[in-house]
Amino acid sequence: MASKELRVAIIGYQFMGKAHSNAWSQAARFFDLPLKPVLQVACGRNETALRAFADNWGWQNVETDWRKAVERDDVDVVDVSLPQHLHHEVAIAAARAGKHLFCEKPMALKVSDAEAMLQAAEEAKVTHYVNHNYRRTPAVRLARQLIDEGKIGRIFHWRGAYQQDWIVDPEFPLTWHLRKETAGSGPHGDLNSHSVDLAHYLVGDIKTVSCLTTNFIKERPLPGQGAATFSAGTGGAAARGEVTVEDASLMMVEFANGAIGSFEATRFAPGRKNRNTFEIYGSEGSIAFDLERMNELQFHSRNDPEHAQGFRTILATESCHPYIKHWWPPGHIIGYEHEFTHAVVDFVDAVAHGAPIEPNFHDGLKCIRVLEAGLKSAASGRR
Ligand code: SOE
């Protein structure tokens, strides 16, 4: 590793490629980092699009062959910003080349792939991280702090709902998200992976799962130009293809600590653009979060004087709140992209100190186990 530098290769340049590039370039501007991230190499298959991406974000080199990118001697970290079916092969090759791993969620398509990724990372003794970015929202960190302080007591209920609406139109094309071979599953994997990770973080391990999935639109037009996450693109084909993942999932779980929980994940909730909500109810109080109001946390305490009880809204933008003092003065809200920057900050710290970071490949695997159990339950009708 170059002294005081951490040289990154990013593989993938779409939505997550941009979110991660922004984080790698912002982190050292706002936070004191033990190592300075260097945007060393960007990698993708379409050279023209890749060069435009690299020029825009300041990546110093480009590679169109991911194997060359992950094996370069001038790279310390491989950032896997690819669709999930490609994580496994790239992450394992990068670990074997001795690179630290910053990997997009969900970690893998299936448990066996996630296990192999964890094994490769552990054998290589590299730092490994799965980017469940919502853990690093200051209001979510505050929720964890209140739980650790016993402010809501023994937890009884988790209620998570992650809702979007970008494929409600039956003419939205059959992008990679809607095919089993590339996405593994639909919103159950894409969205519930976030909720399950948050539930693991805030409530604890999940013991049993029962799940129901359904598919509302069976066939869609094949995609044309520019079809991507949230975008129909143009010039879709007249030919249609089969949707091979679920459109919505409802899952019920028992946690090891005795709490019970529900998870709802859908892309068929008109008006809900990217609404990631959770509610946690305990013996001493309750907590509620809504990503569409991500700087706020709702908190109710049964220990407040009876006449003053009710949900209060805490604006998690004071300097006492996690990460906030590095940004703007109090009350100057932050956004989605800041979660990614916080992840980079903690990742750089972990690499510099040889310390683990969460969620890592153990946590990513645990999440995939729950999701895979959910799909098995949905297919078999059994708990
Ligand atoms: C698409 O559904 C998506 O981009 C997810 O893949 C992300 O993880 C989520 O944060 C926003 O929605």
Side-chain angles (χ1 to χ4, degrees), residues 11-23 79-87 102-109 114 129-137 139-140 160-169 172-180 182-201 213 216-217 220 223 226-233 243 245-249 263-278 289-294 334-344 359 363-364 367-368 370-371:
I11 321 291
Y13 57 89
Q14 300 288 340
F15 177 17
M16 282 304 117
K18 291 179 197 162
H20 291 208
S21 298
N22 180 59
D79 176 337
V80 186
S81 283
L82 294 164
Q84 49 267 34
H85 69 293
L86 301 171
H87 291 182
F102 189 103
C103 182
E104 238 322 291
K105 53 58 62 177
M107 181 172 164
L109 287 191
Y129 168 71
V130 182
N131 187 41
H132 288 289
N133 50 295
Y134 298 122
R135 277 200 196 199
R136 287 181 165 78
T137 311
V140 172
Y162 201 144
Q163 302 156 304
Q164 298 179 340
D165 70 354
W166 53 287
I167 61 167
V168 172
D169 181 352
F172 188 95
L174 189 70
T175 58
W176 67 264
H177 313 81
L178 304 176
R179 289 189 290 114
K180 194 170 166 49
T182 42
S185 61
H188 179 75
D190 184 25
L191 305 181
N192 264 347
S193 60
H194 280 304
S195 306
V196 167
D197 180 69
L198 287 174
H200 279 152
Y201 178 56
T213 59
F216 303 118
I217 308 288
R220 290 179 178 274
T229 322
F230 296 102
S231 165
V243 176
V245 298
E246 84 293 338
D247 285 329
S249 157
F263 296 79
E264 177 186 337
T266 182
R267 296 173 178 143
F268 281 74
R272 302 302 192 195
K273 299 298 167 187
N274 190 41
R275 183 168 185 262
N276 175 5
T277 61
F278 62 77
F289 173 78
D290 178 349
L291 181 67
E292 291 181 351
R293 306 188 70 94
M294 63 172 281
I334 62 165
Y336 174 70
E337 72 276 26
H338 293 78
E339 299 162 347
F340 294 77
T341 306
H342 300 159
V344 160
D363 305 297
C367 180
I368 301 296
V370 171
L371 297 172

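Each ligand, and each atom within it, is numbered from 1 in the order the structure gives.
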Please report whether ligand 1 has a polar contact with [X], defined as an N or O pair separated by less than 3.5 Å (distance criterion only).
X      : result
Glu104 : no
Lys105 : yes
Arg267 : no
Thr229 : no

Among all the protein's non-hydrogen atoms, which is closest to [atom], and how far away is it?
atom                    : result
atom 12 (O) of ligand 1 : Gln164 NE2, 2.9 Å
atom 6 (O) of ligand 1  : Asp190 OD1, 2.5 Å
atom 4 (O) of ligand 1  : Phe15 CE2, 3.0 Å
atom 10 (O) of ligand 1 : Tyr134 OH, 2.6 Å
atom 9 (C) of ligand 1  : Tyr162 OH, 3.3 Å
atom 7 (C) of ligand 1  : His194 NE2, 3.6 Å

Practice item. If the plane angle is over 60° it's perpendicular, under 30° parallel, otherwise tilted; pick one for His132 and His194. Key: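 It falls in the perpendicular class, over 60°.
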Exercise for review: Could you list the atoms of ligand 1 found under 4.0 angstrom from a heavy atom of Leu191?
Suggested key: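 Taking each heavy atom of Leu191 in turn, ligand 1 has 2 (O) under 4.0 Å.
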Point to revise | Numbered atoms of ligand 1 (with element) below 4.0 Å of Tyr336, judged on heavy atoms | key: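 By the 4.0 Å cutoff, the relevant atoms are 10 (O).
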Exercise for review: Please verify whether a non-hydrogen atom of Asn276 lies at under 4.0 Å from ligand 1.
Suggested key: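 Under 4.0 Å: no for Asn276.
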Exercise for review: Please confirm whether Phe340 comes under 4.0 Å of ligand 1, counting heavy atoms of the residue only.
Suggested key: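 In this structure, Phe340 fails to qualify as a contact of ligand 1 - no heavy atom is under 4.0 Å.
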**Study point:** Single hit among Asn274, Thr266, Asn192 for side chain to side chain donor-acceptor pair (under 3.5 Å) with Tyr162
**Key:**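 Exactly one option meets the side chain to side chain donor-acceptor pair (under 3.5 Å) with Tyr162, and it is Asn274.
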Exercise for review: Ignoring hydrogens and angles, tell me if any N or O in the side chain of Thr277 forms a donor-acceptor pair with the backbone of Ala161 under 3.5 Å.
Suggested key: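 Looks like yes, one N/O pair under 3.5 Å.
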Point to revise | Expected output: side-chain Asn133 to main-chain Phe340 donor-acceptor under 3.5 Å | key: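 Here the side-chain-to-backbone pair does not exist.
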What's the shortest heavy-atom distance between [X] and [Y], and which atoms?
X      : Y      : result
Arg220 : Leu178 : CD-CD1, 3.5 Å
Ala183 : His177 : CB-O, 3.4 Å
Phe15  : Phe230 : CE2-CE1, 4.1 Å
Met294 : Thr137 : O-CG2, 3.5 Å

Check your understanding: Are any of the side-chain nitrogens in Asp165 or Arg267 under 4.0 Å away from the carboxylate oxygens of its partner?
Key ->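 Salt bridge flag = no for Arg267 with Asp165.
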Review point. Which part of Asn274 is near ligand 1, with near meaning a heavy atom under 4.0 Å away: side chain, backbone, both or neither?
Key: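 Side chain only; the backbone of Asn274 stays clear of ligand 1.
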Review point. Is atom CZ of Arg293 surrounded by more than 12 heavy atoms (other residues, nucleotides or ligands) closer than 6.0 Å?
Key: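 Incorrect, the count does not exceed 12.
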